[in-house]
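Note that the numbering runs from 1 along the sequence shown for the chain.
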Amino acid sequence: QVQLVESGGGLVQAGGSLTLSCAASGSIGSINSMGWYRQAPGKQRELVARIISGGRTNYADSVKGRFTISRDNAKNTVLLQMNNLKPEDTGVYYCHAEISPVSGGYFYSYWGQGTQVTVSS
């Protein structure tokens, strides 16, 4: 059993900053990737940023230069530092991870419960 617990969402004015945190716990053998997706009302869930084992990162074009993803492998956590936030960044942010169990084998996909980020204009 693996759990992803998110924290750090909230309400912020445009131009402000927030940091999201996600901690993975449970039966964790190894983690291939950790990242963040978001879903705005009436829209599909989209990738915001992710970091892959080895440190390679991917960002949505809309957040490049404003958001930074980082990972603490020892603590199985991932952070998303969000600067210069815009109203269009509003949505529910979900943590995602690809984790294989202690016994080894395939990487399974896990999701957090989501945290609301609201950016006011």
Would you name the heavy atoms of Ala14 and Pro87 that are closest together and state the gap between them?
CB-CD, 4.1 Å
Taking atom OG1 of Thr77 and atom CG of Asp72, what is their separation to the nearest 0.5 Å?
4.5 Å
Going by atom types only, do Thr19 and Gln81 share a side-chain donor-acceptor pair under 3.5 Å?
yes
For a 4.5 angstrom cut-off between non-hydrogen side-chain atoms, does Ile28 reach Asn76?
yes
Inter-residue atom distance Met34.CE - Ile51.CD1, 0.5 Å rounding:
10.0 Å
Just by distance, no angles: are the side chains of Glu6 and Thr115 close enough, under 3.5 Å, to form a donor-acceptor pair?
no
Which heavy atom of Arg66 sits nearest a heavy atom of Asn84, and at what distance?
NH1-O, 2.9 Å
Quick one: do Val12 and Trp36 end up in the same hydrophobic cluster if we chain Ile, Leu, Val, Met, Phe, Trp and Tyr together by side-chain heavy atoms under 4.5 Å apart?
yes
Taking atom CD of Glu46 and atom OG of Ser62, what is their separation to the nearest 0.5 Å?
5.5 Å
Under 3.5 Å, is there a donor-acceptor pair between the Asn32 and Ser53 side chains?
no
Go through the structure and list residues passing ring-ring contact (aromatic ring centres under 6.0 Å, His included) with Tyr37, not counting sequence neighbours.
His96, Trp111
Under a single-linkage definition using a 4.5 Å side-chain heavy-atom cutoff for Ile, Leu, Val, Met, Phe, Trp and Tyr, are Val119 and Leu18 assigned to the same hydrophobic cluster?
yes
For the hydrophobic clusters of this structure (ILVMFWY residues joined by side-chain heavy atoms under 4.5 Å, transitively), does one cluster hold both Tyr106 and Val2?
yes
Are Tyr108 and Ile99 packed together at the side-chain level, in the sense that at least one heavy-atom pair is separated by less than 4.5 angstrom?
no
Look at Lys64 together with Asp61 and state whether they make a salt bridge at an N to O cut-off of under 4.0 Å.
yes
Under a single-linkage definition using a 4.5 Å side-chain heavy-atom cutoff for Ile, Leu, Val, Met, Phe, Trp and Tyr, are Tyr94 and Ile31 assigned to the same hydrophobic cluster?
no
Student check: side-chain heavy atoms of Ser33 and Phe107 closer than 4.5 Å:
no
All pairs passing ring-ring contact (aromatic ring centres under 6.0 Å, His included) where residues 51-81 contributes a residue, at least two apart
none
Gap between atom NZ of Lys43 and atom CZ of Arg38 - 0.5 Å precision
8.5 Å
Heavy-atom check, side chain of Leu20 versus side chain of Leu79, under 4.5 Å:
no
If you measure only the distance, is there a donor-acceptor pair under 3.5 Å linking the side chains of Arg50 and Asn58?
yes
Measure across Leu4 and Cys22 and return the closest heavy-atom pair with its distance rounded to 0.1 Å.
CB-SG, 3.9 Å
For Gln116 and Val92 the tightest heavy-atom approach is OE1-CG2, 3.3 Å
Within 6.0 Å of CD in Gln3, more than 12 heavy atoms from elsewhere
no
We want to know whether Thr90 and Thr118 form a side-chain donor-acceptor pair, criterion being a heavy-atom distance below 3.5 angstrom.
no
Mind checking whether Leu80 and Met82 have side chains closer than 4.5 Å, heavy atoms only?
yes
